Amino acid sequence: PIKNVESKFSFLLAGAFGLCLLYWTYLFLTAQTEIFWDSVEYQNLGEMLYHQGWLEYFRSGPNREPLYPFFISIAMRLANIFHAPYIKILVLMQFVLLFITQIFTFKILNKLKIPPWLTRLIILYIGFSPALINCTLSLYSEILIISLITAATYVISDILVKFNGYSFRHSFTSGILLGTTFIFLTLTKGVFELVSPLILLSSLVISWPLCKQKKAFQKYTILIIVSLVTFSGLLFAYKSANKHYNGNFTLTNRGSWAFYGYAARRAEPLTTERLLTALAYVPGEGACKMLYGEEKCYFWSIFSSDSFGMGQLQELTAQGLKGADLDKTMLYLASEKIQAHPFQYFLLTGLEAFKIFFWESTQLAFVTYPQGLTRLYDNVLTKNFLRLIFAVLSLAGTVYALRVLWTKRIGKTLVTDEQYVTLFFILSMVFFYTALYSFFLIGTRYAVPVAPLFLCLIAMLFQSFQKP
């Protein structure tokens, strides 16, 4: 009977992947990627790496995080070999990333002990999700970070639950693997420069009881120190290359002015109308415009914050500031804005954080779909229902997961149970990613990278409804 169940599950899982493959093939042949806004910069950086190499990338910098432009440059090289449009090669590669996301989500669901039928549904939904599909078909870095976040969550969960059984040598090599995994995240999204060490250090919460044993403590110390040294060393090397070739000891060129822009906007006088439009903006720009109109909602758009940030950047640049001095001044001015209205600032930052639950959307841009799919995605019921239901389920799944961890905190070493270790790192990844991004902007495109983790939490929630 057990073999029959396993065989049936394998067949259903293969069927889920098969349906996804058919749908992806249809989209590959019919959908078109549009290149606008940030896509243009990503494409230019990819061309630079392809034609001029890394030296020019550093000399012309600091530029955006390098991993996705490098990914684009690989697609361009393959396109040259096969005499095909590079954008089609890139989309094909990105479907591979979506498949990798499914594989690591499947592994995470197994660690969470999710029933086979529910695992199949989650894997199937990842392959059909409008938001995830849009990221796959777009020339944006989100699809890369989606796969890396899912992989990193699995890797750190798997290593931490097994580290007590490792040899000292295995702890050392696992530390290198962890550090390398997190540097990949950071070289794709700069916010992980802060998120990564926080997640690594948070592991002490569940590992501490076990670490009271001398040998376990020694292996855990080796694991975390090697992880942090590997991560910091590789990050230092990249920043040093920027310092050597363009005079800026930094990862990317976008942090300080963007941080100032959002701080300055949140420090503006908060009228009743602005507070109400801020609340309406949490579900999304469309909800705000529907209730209050485009003009009143403009203040909370990305264009508004960019005008604050870019305006101050241009003013300081005109005064002759550049490099580290410019960044320090921008951060200082941002801190002044925050200190002037601290309660208001953190209230609005908290509202920004709630946007993380609204990750599903049929309205992400930069892809032209076939006519039938466009009509489906534009349908008011489809787009609003999907967005709302997955926001509610993601919030409910998060609350349930927190409850599970809180219930199990007493009288048990959580690190010995892979279900709860995995759940802990899912929540850690979501929490730290949200906390750091809330100081900037959490639009749908920046919420969707943690979508597979939310789907895992939703699966945990549904599992709780089953009879024991």
Side-chain angles (χ1 to χ4, degrees), residues 36-45 48 56-69 140-142 186-195 235 238-270 274 278 281 285 297-342 344-346 348-349 352 355 435-443 445-446:
F36 292 107
W37 304 108
D38 291 357
S39 295
V40 176
E41 186 176 355
Y42 279 124
Q43 178 178 253
N44 292 340
L45 292 174
M48 181 188 296
E56 186 58 28
Y57 193 88
F58 285 114
R59 285 171 184 158
S60 62
N63 287 304
R64 284 179 177 270
E65 302 91 336
L67 202 56
Y68 188 63
Y140 272 76
S141 64
E142 271 63 43
T186 305
L187 295 180
T188 306
K189 284 288 183 188
V191 72
F192 279 94
E193 182 178 354
L194 298 175
V195 172
L235 184 60
Y238 184 83
K239 288 184 173 182
S240 297
N242 265 328
K243 176 68 174 176
H244 178 75
Y245 289 106
N246 59 63
N248 295 277
F249 186 77
T250 187
L251 172 64
T252 182
N253 60 350
R254 298 175 53 80
S256 60
W257 69 263
F259 181 70
Y260 172 85
Y262 293 110
R265 184 177 67 181
R266 291 170 194 174
E268 288 290 294
L270 188 61
R274 280 185 176 170
Y281 223 100
E285 181 181 4
C297 293
Y298 175 81
F299 184 77
W300 300 110
S301 71
I302 189 173
F303 303 106
S304 170
S305 59
D306 280 358
S307 67
F308 282 105
M310 289 301 296
Q312 187 64 61
L313 178 66
Q314 291 169 1
E315 183 180 327
L316 294 176
T317 303
Q319 296 174 16
L321 289 175
K322 59 182 180 180
D325 292 334
L326 178 60
D327 286 341
K328 287 178 182 177
T329 304
M330 291 291 285
L331 294 174
Y332 174 76
L333 293 174
S335 68
E336 284 191 328
K337 294 287 186 181
I338 295 170
Q339 291 171 36
H341 304 280
Q344 177 179 312
Y345 175 81
F346 285 105
L348 294 172
T349 301
E352 193 71 31
K355 294 180 182 179
L436 270 297
Y437 243 115
S438 64
F439 290 104
F440 298 89
L441 169 75
I442 302 181
R445 191 170 292 279
Y446 306 117

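What you see is a predicted model, and the numbers here were worked out from it, not measured in a lab.
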Determine whether a donor-acceptor pair (N or O, by modelled atom type, separation under 3.5 Å) exists between the side chain of [X] and the backbone of [Y].
X    : Y    : result
T349 : F439 : no
N242 : T250 : yes
E65  : G190 : yes
R274 : P269 : yes
S304 : S301 : no
Q344 : E268 : yes

State, to 0.1 Å, how close [X] and [Y] come at their nearest heavy-atom pair, and which atoms those are.
X    : Y    : answer
D327 : S256 : OD1-OG, 2.7 Å
T252 : P62  : C-CB, 4.2 Å
P69  : L45  : CB-CB, 3.8 Å
R265 : F299 : CD-O, 3.0 Å

Rounded to the nearest 0.5 Å, what separates atom [atom1] in [X] from atom [atom2] in [Y]?
X    : Y    : atom1 : atom2 : result
N248 : K243 : CG    : NZ    : 7.5 Å
I302 : S307 : CD1   : OG    : 11.0 Å
W257 : F308 : CH2   : CZ    : 13.5 Å
Y57  : R64  : OH    : CZ    : 9.0 Å
N63  : E41  : CG    : CD    : 7.0 Å
Y140 : D38  : OH    : CG    : 4.5 Å

Open item on the list: L313 and side-chain contact (heavy atoms from CB on, under 4.5 Å): which single residue from L326, T329, D306 fits?
Closed with: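 The side-chain contact (heavy atoms from CB on, under 4.5 Å) with L313 is passed solely by L326 among L326, T329, D306.
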
Open item on the list: Can you confirm whether or not the ring centre of Y238 sits under 6.0 Å from the ring centre of F58?
Closed with: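 Yes, close enough.
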
Open item on the list: Test of understanding: with side chain to side chain donor-acceptor pair (under 3.5 Å), list the residues that count as partners of Y298, not counting sequence neighbours.
Closed with: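 Expected list: none.
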
Is there a side-chain contact between [X] and [Y], using heavy atoms and a 4.5 Å cut-off?
X    : Y    : value
L441 : E352 : yes
Y446 : K355 : no
S141 : K189 : yes

Side-chain donor-acceptor contacts of residues 330-338 below 3.5 Å, not counting sequence neighbours, with atom names and distances?
from, atom 1, to, atom 2, distance (Å)
Y332, OH, E336, OE2, 3.0
S335, OG, Y332, O, 2.6

